[in-house]
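We count ligands from 1, going down the list as the structure has it; atoms in each ligand are counted the same way.
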Amino acid sequence: MSITAKLIELLRANVRTVALTGAGVSAESGVPTFRGNDGLWSKFDPTELASMNAFMRNPKLVWEWYLYRRDVIGKAEPNMGHETLAKMEQHLSDFTLVTQNVDNLHRRAGSQNVIELHGNIQRNKCRQCGSPMDQVEIDPDNIPRCSCGGQIRPDVVWFGELLPEEALVTAIKMAEKSALFLSIGTSALVYPAADLPLIAKNNGAYLVEINPEPTGLTPYADEVFHGKSGEILPIIWQVAMEEASSGEASLKTNEA
Ligand code: OAD
C-alpha cells in the first residue's frame, strides 16, 4: 500500500479535516452493510422496514427488525477503523467526524463529537411529536406511547424523511471549510450525505476515499485506497504519526 507524501503532509500540517463514514466502517465489527451481495437491502425490502408508511402499516414488524439490529449492534465491538478515527479526533485540532451509521460504534470507540446524519438506533422518539424517549423498553406487541399519544419509534432517519437539520447544516459547513476530506466505507449513493465529499472537493479539499470497491465518488478522489478501513486507517495514521514524531511531538498545533 502506498500513501502519497501529500496526504501525510496534510495530516502533519493539521489542516481542517472531515471524515465521512458509512456502513463499511462497521463491516469488520460484524455489522452488515446495506448494499452489495450480503447487504441488508439484498435480503430485506427497505420500503417494508425503513419508512413511515411501513411503520404505519406494520409497527410490530418494523420494531422486530430494529430490535434484531439493536441486538446485533449491541454485541459488536468497535474495530481499528473506529479506534483510529477516535485517535484522529484527539490529535488533530480541527477534525470533524460525520457518520451515516446509526450503530453508535464511533462513540463506543471514544469519538466525542460525532455528527450523526441518520440518527442513532439506540435511541427512541415519538412518531408524532418527535420527543426523545430514551429509557423505554420496547415490546413490539405492545408499543409504548408518548404522553401526546404517538407511538414510540426508533430515532433513525427513514426513507422519505429529512435529515436532522442541525447535523446536516453543520456537516455541510465543515465540508465546505475542510482542506482534507476522507470518505470511508460508504457507497456514496445516498443523498444528501453523498454530496458532502463533492462539496468539499469543489471548495478545494483534497479528497481521499477508503473502500474495497470503486464507487461513483472514486473518479473524483485525489487518492484512493482499495481496502478495508480497519486495515488502511491505522497504517495511514501510523505513518503520519511517525513523520510527526520526527518533527514535533504531536500533530496538534500550538495556538499562540
Ligand atoms: P452501503 O451498504 O451502501 O455501502 C457500504 C460500503 O462499504 C460499500 O461501498 C462497500 O464496498 C464498503 N465496505 C465494505 N466493507 C468495508 C470495509 N471493511 N472497509 C471499508 N469499506 C467497506 O452503506 P452506506 O454508504 O453507509 O440509510 O449507506 C448509506 C445509507 O443507505 C445508510 O446510512 C442507510 C442506507 O439505506 C438509512 O438507513 C437512512
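Under the 4.0 Å criterion applied to side-chain N and carboxylate O atoms, Arg35 and Glu213 are not assigned as salt-bridge partners. Contact check on Lys201 versus Asp222 returns a salt bridge, with a Lys/Arg side-chain nitrogen under 4.0 Å from an Asp/Glu carboxylate oxygen. In summary, Glu64 and Lys60 engage in a salt bridge, as defined by a charged side-chain N under 4.0 Å from a carboxylate O.
Contact annotation: Ala50 has no heavy atom less than 4.0 Å from any atom of ligand 1. Residue contacts with ligand 1: Leu189 is excluded, as none of its non-hydrogen atoms falls under 4.0 Å. Ligand 1 is never approached by Val25 to a heavy-atom distance shorter than 4.0 Å. At least one heavy atom of Trp41 sits closer than 4.0 Å to an atom of ligand 1.
Looking at Glu231 and Glu28, their side chains come closer than 4.5 Å, going by heavy atoms from C-beta outward. In this structure the side chain of Glu116 reaches within 4.5 angstrom of the side chain of Asn104, judged on heavy atoms. With contacts defined as side-chain heavy-atom distances shorter than 4.5 Å, the pair Met1/Ile232 qualifies.
Under 4.0 Å from ligand 1, the heavy atoms of His118 that appear belong solely to its side chain. Only the side chain of Ala27 comes within 4.0 Å of ligand 1, judged by heavy-atom distances. When heavy-atom distances to ligand 1 are checked against a 4.0 Å cut-off, Val190 comes that close only through its side chain, counted from C-beta outward.
The protein non-hydrogen atom at the shortest distance from atom 31 (O) of ligand 1 is Arg35 NH1, 3.0 Å. Counting only heavy atoms of the protein, atom 32 (C) of ligand 1 lies nearest to Phe34 CE1, 3.6 Å. The closest protein non-hydrogen atom to atom 9 (O) of ligand 1 is Asn211 ND2, 2.9 Å. Atom 18 (N) of ligand 1 has Glu28 OE2, 2.9 Å as its closest protein atom, hydrogens excluded (heavy atom only). The protein atom (non-hydrogen) at minimum distance from atom 19 (N) of ligand 1 is Ser229 N, 2.9 Å. Nearest protein neighbour of atom 25 (O) of ligand 1, counting heavy atoms only, is Thr186 OG1, 2.7 Å. For atom 38 (O) of ligand 1, the nearest protein heavy atom (residue, atom name, distance) is Val157 O, 4.0 Å. For atom 26 (O) of ligand 1, the closest non-hydrogen atom of the protein is Ala23 N, 2.8 Å.
Inclusion of Glu213 in the set of residues having an N or O under 3.5 Å from an N or O of ligand 1 is not warranted. Every N/O-N/O distance between Thr215 and ligand 1 stays at or above 3.5 Å. For a threshold of 3.5 Å applied to N or O pairs, the pair formed by Phe159 and ligand 1 contains no separation below that value. Note: an N/O pair closer than 3.5 Å links Gln100 and ligand 1 by distance alone.
For atom 5 (C) of ligand 1, the nearest non-hydrogen atom from the set Gly160, Gly185, Pro46 comes from Gly185. The closest heavy-atom contact to atom 13 (N) of ligand 1, among the options Gly230, Gly216, Gly24, comes from Gly24.
Those atoms of ligand 1 with a heavy atom of Lys228 less than 4.0 angstrom away are 17 (C), 18 (N), 19 (N).
Other residues, nucleotides and ligands contribute over 12 non-hydrogen atoms within 6.0 Å of the CG atom of Asp45. Within a 6.0 Å sphere centred on CE of Met56, other residues, nucleotides and ligands contribute 12 heavy atoms or fewer.
The CG atom of Asn203 sits 5.5 Å away from the CD atom of Glu176 when rounded to the nearest 0.5 Å.
Judged by the 6.0 Å distance and 45° axis criteria, Arg153 is positioned over the aromatic ring of Trp158. Relative to the ring axis of Tyr206, Lys6 places its NZ or CZ within 45° and under 6.0 Å from the centre.
By the 30° and 60° cut-offs, the orientation of the rings of His106 relative to His82 is perpendicular.
Under the side-chain contact (heavy atoms from CB on, under 4.5 Å) rule, Leu11 has a single partner from Val15, Asn14, Leu7, which is Leu7.
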